[in-house]
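Everything below concerns the one structure shown next.
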Amino acid sequence: MNQEANKSNSHASGDPSNPCPICLGPILQDSYLDKCFHKFCYNCIVQWTKVVARKHSSPPTSVKCPLCKTENFSILHGYDGSSFQRHYINRDFGYSFLLTRAHKYRLQCYYTEPGIVDDIFNVLWYWKSHKYLQPNHWLQSWLKREIQALIQEEDVDIILHHILGVIVTSLTRNDQKYHLKRPETKQEEFKALVSDAARRFLGARTDRFVNEVELFLASGLNIEAYDAVYMQRLGWSYPGVTSEASEGAAIQQTPLIPYLYIFDEDSDGPD
Amino acid sequence: MQASRARLFKEYKEVQREKTADPDIQLACDDSNIFKWTALIKGPSETPYEGGVFQLAFAVPEQYPLQPPQVRFLTKIFHPNVHFKTGEICLDILKNAWSPAWTLQSVCRAIIALMAHPEPDSPLNCDSGNLLRSGDIRGFQSMAKMYTRLAAMPKKG
């Protein structure tokens, strides 16, 4: 088999003191059960969930840990320091949502200092010039990718439509008094509404997310053009042109080292 | 298939390395077939099996460790959960409750625990189960002790 390939892309493999409980060999492609966090080879634990599934007429959506019998609902794997993948038990067999290169690039953006493209897109002008009244045709696709990258799930339609709805209604309010408000007030109101809508899904990343939404809207660019500008500023290579096939190489060659992201629940608003 | 071979080889090395780790269990692999194993286990103390040495035969399936090994007693034993004629063992971890984290060594330990704690409510040996269920502990123990002496102890003289 392609053991060599497996070895090269697994992290911290070959620790003989802590073998996989299933094959008793060094762990290949570290994978954790989501509740008890016991560690196995990816292939070993997936094989085991398949064996368990075959014993039932309708495959269960959980698997008992072979070590401690705790019920687990997913396998976490592919942790690369900033993101991981989640394989739900029997909910999407043989298929789990893989972040594409473009998703990874967006996720990495959240590990960079904010304000990196602020001088290119004039956010305040967006509010002053009433540009927000023009519909943005790319917003839905852009938001979908953004939310998928942040919560690492493929099916984000419910969250997407909730947040999109809040954004669109807050931008297209047909209310005379609203248009007379100062641009700064409109901006603040917009940000407050969108963060309220997004916070329960995105947690500590909400504030940054709202800023990114605003930047994208203010840019007036389509997704490809926006990505190109953003990546040029970051000094990264452009993701759109590469096909999924070369995804393996991904964005890991980036010179940028992500700084520790601190989930600070107290940073909810200005004090 | 290769996975089961590799895993059994790991267990073999572990058994060789820790031969003296558990004095109650002696596991050995068939010289020519890594899917066939035998074990000698000591009857647990303070049971009618004390002093006896019991031989187990393991047949390991190719899907091991995703499927449990088949284990049976080669030595005759009077126990509610062991078939008196075939030596078949009724033990949940060898059936539904199997987990791939078990090893041949730990299966032996589970069988020793079963010898010390019979489950008379799911009997393979009904005579033995009925004695325990009717509360005739003495009758059960003397039968079990007799078979231990007859079948699991070296013949005198």
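Order of the sequence lines sets the chain letters (A, B, ...), proteins ahead of strands, with each chain counted from 1.
- Using cut-offs of 30° and 60° on the angle between ring planes, the pair B:Tyr147 and B:Phe78 is parallel.
- Neither the backbone nor the side chain of B:Glu14 has a heavy atom closer than 4.5 Å to any heavy atom of chain A.
- Considering only heavy-atom pairs separated by less than 4.5 Å from chain B, the leading option among A:Ile22, A:Val52, A:Val51, A:Leu67 is A:Ile22.
- Looking only at distances, no side-chain donor or acceptor of A:Asn72 sits under 3.5 Å from a matching main-chain atom of A:Ser74.
- A cation-pi contact, defined as under 6.0 Å to the ring centre and within 45° of the axis, links B:Lys76 to B:Phe84.
- With a threshold of 4.5 angstrom between heavy atoms, A:Lys64 does not approach chain B through any atom at all.
- Using modelled atom types and a 3.5 Å distance limit, the side chains of B:Asn130 and B:Ser128 yield no donor-acceptor pair.
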